[in-house]
Amino acid sequence: MFTGIIETLGIIKDLKKEGENLHITINSSITNELKIDQSVAHNGVCLTVVAIENDNYTVTAIKETIDKTNLGEWKLDDVVNLERAMKLGDRLDGHIVQGHVDQTGICKAIEEANGSWYFTFEYNKDLNNLTIEKGSITVNGVSLTVVNSKTNEFSVAIIPYTYEHTNFKTFEVGTKINLEFDVIGKYVSKLHFMNQ
């Protein structure tokens, strides 16, 4: 379980295919605090630490995870959002995030607004996910509030702190991102599609 509040950024240092698996080595300021078997969210994808060496650690993604997320497009030196699993008793500053990406989306527009930014994302509505106005959404692991919810797109407002401390600053129109819809929204979505 995660909160969607990004702890730090990591840099991809190595990508190795082994059969259908992908081993990803990441350099991060939190590596010395990690343990093997620990869960870490990478752009919102929960992956298990399998090796640690100096300031680098390695996680492994299976085919299903690669197919459902943007991991297959990661390259050396890409910057990823990192969050360790929340501790029981901590404040829940974002919202309940499972680290199980529902689908990917595409950045459709970026609009600067007096020191902040509005990012608009489009996603495939055929997968029966939906956003709720002022509800929560996780974009690349970042807990955000939905603005301008539509059938297959939504916007989020990004403040300067979030822009500087996440990989939102690397987004361009066309960037593929990971989406995890709010667990409450998933329930409402299921009811909505069952009653159609």
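When the shell of 6.0 Å around NZ of K169 is examined, it contains more than 12 heavy atoms from other residues, nucleotides or ligands. For CD of E112, the number of neighbouring non-hydrogen atoms (other residues, nucleotides, ligands) closer than 6.0 Å is greater than 12. More than 12 non-hydrogen atoms from other residues, nucleotides or ligands lie less than 6.0 angstrom from NZ of K134. Other residues, nucleotides and ligands contribute over 12 non-hydrogen atoms within 6.0 Å of the CD atom of E33. Counting non-hydrogen atoms of other residues, nucleotides and ligands closer than 6.0 Å to OH of Y163 gives a total above 12. Other residues, nucleotides and ligands contribute over 12 non-hydrogen atoms within 6.0 Å of the CD atom of E133. Open room surrounds NZ on K35; 12 or fewer heavy atoms of other groups in view lie less than 6.0 Å from it.
Nearest heavy-atom pair across K176 and N70 is O-ND2, 2.9 Å. Residues V142 and T162 come closest through the heavy atom pair CG1-CG2, 4.1 Å. Closest of all the heavy-atom pairs between K68 and D102 is CE-O, 3.6 Å. Contact record, V173 with A109: CG2-CA, 4.1 Å, taken as the closest heavy-atom pair. Of all heavy-atom pairs between G10 and S28, the closest is CA-CB, 4.5 Å. Of all non-hydrogen atoms in T131 and S149, the two that sit nearest each other are OG1-OG, 2.7 Å.
Between V40 and the options V49, L47, I26, V59, a side-chain contact (heavy atoms from CB on, under 4.5 Å) holds for only V49. Of the candidates I158, I6, N140, V80, I6 is the only one forming a side-chain contact (heavy atoms from CB on, under 4.5 Å) with T166. Checked against I24 for a side-chain contact (heavy atoms from CB on, under 4.5 Å), the options V45, L71, D78 give a single hit: L71.
Side-chain contact check for N124 and Q103: no donor-acceptor pair (N or O, by modelled atom type) lies under 3.5 Å.
Ring geometry for F171 versus F168: interplanar angle of 30 to 60°, hence tilted.
Distance check: L76 CG to D14 CG gives 6.5 Å after rounding to the nearest 0.5 Å. The structure places CD of E122 at 11.5 Å from CG of L179, a figure rounded to the nearest 0.5 Å. One distance of note links CG of L127 with NZ of K125; it measures 11.5 Å at 0.5 Å rounding. Distance check, rounded to the nearest 0.5 Å: CD of E172 to OG1 of T175 gives 5.0 Å. Distance CG/L82 to NE2/H42: 5.5 Å, rounded to 0.5 Å. Taken to the nearest 0.5 Å, the OG1 atom of T138 stands 7.5 Å off from the CG atom of L144.
When side chains are defined from C-beta on, L130 counts as touching Y123, because their heavy atoms get closer than 4.5 Å. At least one side-chain heavy atom of I52 sits less than 4.5 Å from a side-chain heavy atom of T31. Annotation: side chain of I177 is not in contact with side chain of C107 (no heavy-atom distance under 4.5 Å). By the 4.5 Å heavy-atom criterion applied to side chains, I137 and V156 are counted as neighbours. The side-chain heavy atoms of L22 and W74, taken from C-beta on, include no pair separated by under 4.5 Å. Counting heavy atoms from C-beta outward, I5 and M86 have side chains that stay 4.5 Å or more apart.
Proximity of the aromatic rings of F154 and F181 is defined here by a centroid distance below 6.0 angstrom, and this criterion is not met.
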Inset, instruction - Take L34 and R84 through the test side chain to side chain contact (heavy atoms under 4.5 Å, CB included) and record every step on the way to the result. - result: CA-CA 9 Å; L34 298 178; R84 288 177 285 180; 3.6 Å; yes
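With T170 contributing its side chain and N167 its backbone, the two residues share a donor-acceptor pair below 3.5 Å. Under the 3.5 Å distance criterion, the side-chain polar atoms of N43 are matched with a main-chain donor or acceptor of N81.
Applying the side-chain contact (heavy atoms from CB on, under 4.5 Å) criterion to N27, with sequence neighbours excluded, gives K13, D55, N56.
When the side chains of ILVMFWY residues are joined at heavy-atom separations under 4.5 Å, either directly or via intervening members, V101 and I12 end up in a single hydrophobic cluster. Clustering ILVMFWY residues whenever any of their side-chain heavy atoms sit less than 4.5 angstrom apart, transitively, puts V50 in a cluster other than the one holding I36.
Residue L9 is found in a hydrophobic cluster whose other members, listed by chain and number, are V79; membership requires side-chain heavy atoms under 4.5 Å apart, directly or through intermediates. Through direct or relayed side-chain contacts under 4.5 Å between Ile, Leu, Val, Met, Phe, Trp and Tyr, I159 connects to Y161.
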